[in-house]
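Input: a single structure, listed below in structure tokens.
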Amino acid sequence: MKWDTMILEEDCLKLLDQRKIPQKIEYFKASDYRKVIFGIKEMVVRGAPAIGAAAAHGVYLAVREFVDLEEKEFQINFKKALEELGDSRPTAVNLIWGIRRMKKVMEAKKGLGRKDLLQELFSESQKIAKEDVEINKKLGEHGQKIIPQNGRVLTHCNTGALATVGYGTALGVIRAAHAKGKDIKVFVDETRPRLQGARLNAFELLEEGIPATLIVDSAAAVLMKKGEIDVVIVGADRIAANGDTANKIGTFMLSQLAKHFHVPFYIAAPLSTIDFDLPQGEDIIIEERDPREITHWEGNPIAPEKIEVFNPAFDVTPSENIKGIITEKGIIKAPFKENISRMKPGGDYS
Ligand code: MRU
């Protein structure tokens, strides 16, 4: 993609404003950690890996703001900032992962003066961003092998460069297959209610010149029934230790359809999306968002005022519906519990 999803600067974080794509290409300037939180909550930045990288830079910006405070004041303010950042969205584990990476640097370098520590934190957030792109490219390389030469791929939500720091997860796999010269075609779920598929994935696929067709989420069954989908690949927001996977609402339904029509269903995500300490999907906290995302369209009501609304942002796909989890270290297959634990830092593949 010709635009950066985020630009990490010494005094701010610039986020490509995803609320405005495809109509406008504009950057939102987060000049302190509170604005980073706003950006995450309001979906200026979205997608698990992108949220993780943004939160990491938010930690750096908090330390920068408090750098001259005396120790006690620094600790009080910093703790509050970390809690607020950590609470900005509940489901994507990469958010906590990004914050933890920064906290580890703080612990390892606690002997340094604050100004030097700040420099270390700036380097770490740059490193997280750079690594994210490298990881996605590796993941893409492993994943493209499952896409046939003339493969027709169905995907849900946004998983490209915009959902990461660059390249993408599920869309990275698609991108890698296209780069290999495979004659692929992508079906893009619009992804109600926030339309990440229509606004973001469709935008990126067009940019990349990858043949793509936009569908309403409910058209997936018709396509699968007609035998027009070879594989489903989606991203993830949190993967439990047994392989159960939280992703954008609608993913679970898609996995049930894929099972019914015998279409292989894959998850593509970096290892940082695996919550190794969480035994199963039932334990994943699912964010519920503003009812207005469903009852209103561009500020205008499209449903009766008093209607009750249920608006979960994510759902959990049980691991039994998943053929494989594509990561930067290869494709994890069943038995998921055993094979995921091998990927744990300190495990066979770390
Ligand atoms: O609510 P969002 O837009 O942050 O949700 C994004 C998704 O669910 C993505 O599919 C997921 O984070 C994978 S990102 C590579």
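Remember, predicted model here, so these are calculated numbers, not experimental data. FYI, the numbering just counts along the sequence from 1. Order of listing sets the numbers, starting from 1, for every ligand and every atom in it.
- Atoms of ligand 1 found under 4.0 Å from any heavy atom of Asn158 (numbered from 1 in listed order, with element): 9 (C), 10 (O), 14 (S).
- Of all protein heavy atoms, the one closest to atom 6 (C) of ligand 1 is Cys157 SG, 3.6 Å.
- Proximity to Ala48 (heavy-atom distance under 4.0 Å) selects the following atoms of ligand 1: 12 (O), 14 (S).
- Using a 4.5 Å heavy-atom threshold, the side chains of Asn311 and Glu288 count as separate.
- At least one donor-acceptor pair closer than 3.5 Å links the side chain of Asn201 to the backbone N or O of Thr159.
- Formation of a donor-acceptor pair under 3.5 Å by the Arg114 side chain with backbone atoms of Val67 is found in this model.
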**OP:** Applying salt bridge (Lys or Arg N to Asp or Glu O under 4.0 Å), run through Arg19 and Glu42 and close with a yes or a no.
**Re:** CA-CA 8 Å; Arg19 297 168 303 178; Glu42 295 300 317; 5.3 Å; no
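- The protein heavy atom nearest to atom 8 (O) of ligand 1 is Asp237 OD1, 2.7 Å.
- Judged by distance alone, with hydrogens and angles left aside, the side-chain atoms of Thr91 form no donor-acceptor pair with the main-chain N or O of Arg89 at under 3.5 Å.
- Of all protein heavy atoms, the one closest to atom 3 (O) of ligand 1 is Gln196 NE2, 2.8 Å.
- Ligand 1 is never approached by Ala313 to a heavy-atom distance shorter than 4.0 Å.
- Using a distance-only test at 3.5 Å, with no hydrogens or angles considered, a donor-acceptor pair links the side chain of Asp32 to the main chain of Lys35.
- The ligand atoms of ligand 1 that sit less than 4.0 angstrom from a heavy atom of Ala163 are 14 (S), 15 (C).
- Side chain of Asn136 to main chain of Gly172: no donor-acceptor pair is present (N/O by atom type, distance under 3.5 Å, no hydrogens or angles).
- Summary of contacts: the protein heavy atom closest to atom 10 (O) of ligand 1 is Asn247 OD1, 2.9 Å.
- Counting only distance, with no hydrogens or angles, the side chain of Arg101 and the backbone of Gly52 share no donor-acceptor pair below 3.5 Å.
- Nearest protein neighbour of atom 15 (C) of ligand 1, counting heavy atoms only, is Thr169 OG1, 3.0 Å.
- Atom numbering of ligand 1 starts at 1 in the shown order; those under 4.0 Å from a heavy atom of Gly47 are 4 (O), 6 (C), 12 (O), 14 (S).
- Rounding to the nearest 0.5 Å places CG of Asp68 at 13.0 Å from CD of Glu73.
- Less than 4.0 angstrom separates some heavy atom of Arg46 from each of these atoms of ligand 1: 3 (O), 4 (O).
- Lys182 places a side-chain N or O within donor-acceptor distance of the main-chain N or O of Gln144, the cut-off being under 3.5 Å.
- At the top of the distance list for atom 5 (O) of ligand 1, counting protein heavy atoms only, stands Lys248 CE, 3.3 Å.
- For ligand 1, the atoms sitting less than 4.0 Å from at least one non-hydrogen atom of Met43 are 1 (O), 2 (P), 3 (O), numbered in the order shown with element in parentheses.
- Close to ligand 1: Arg89, with a non-hydrogen atom less than 4.0 angstrom away.
- For ligand 1 and Pro49, the ligand atoms under 4.0 Å from any heavy atom of the residue are 14 (S), 15 (C).
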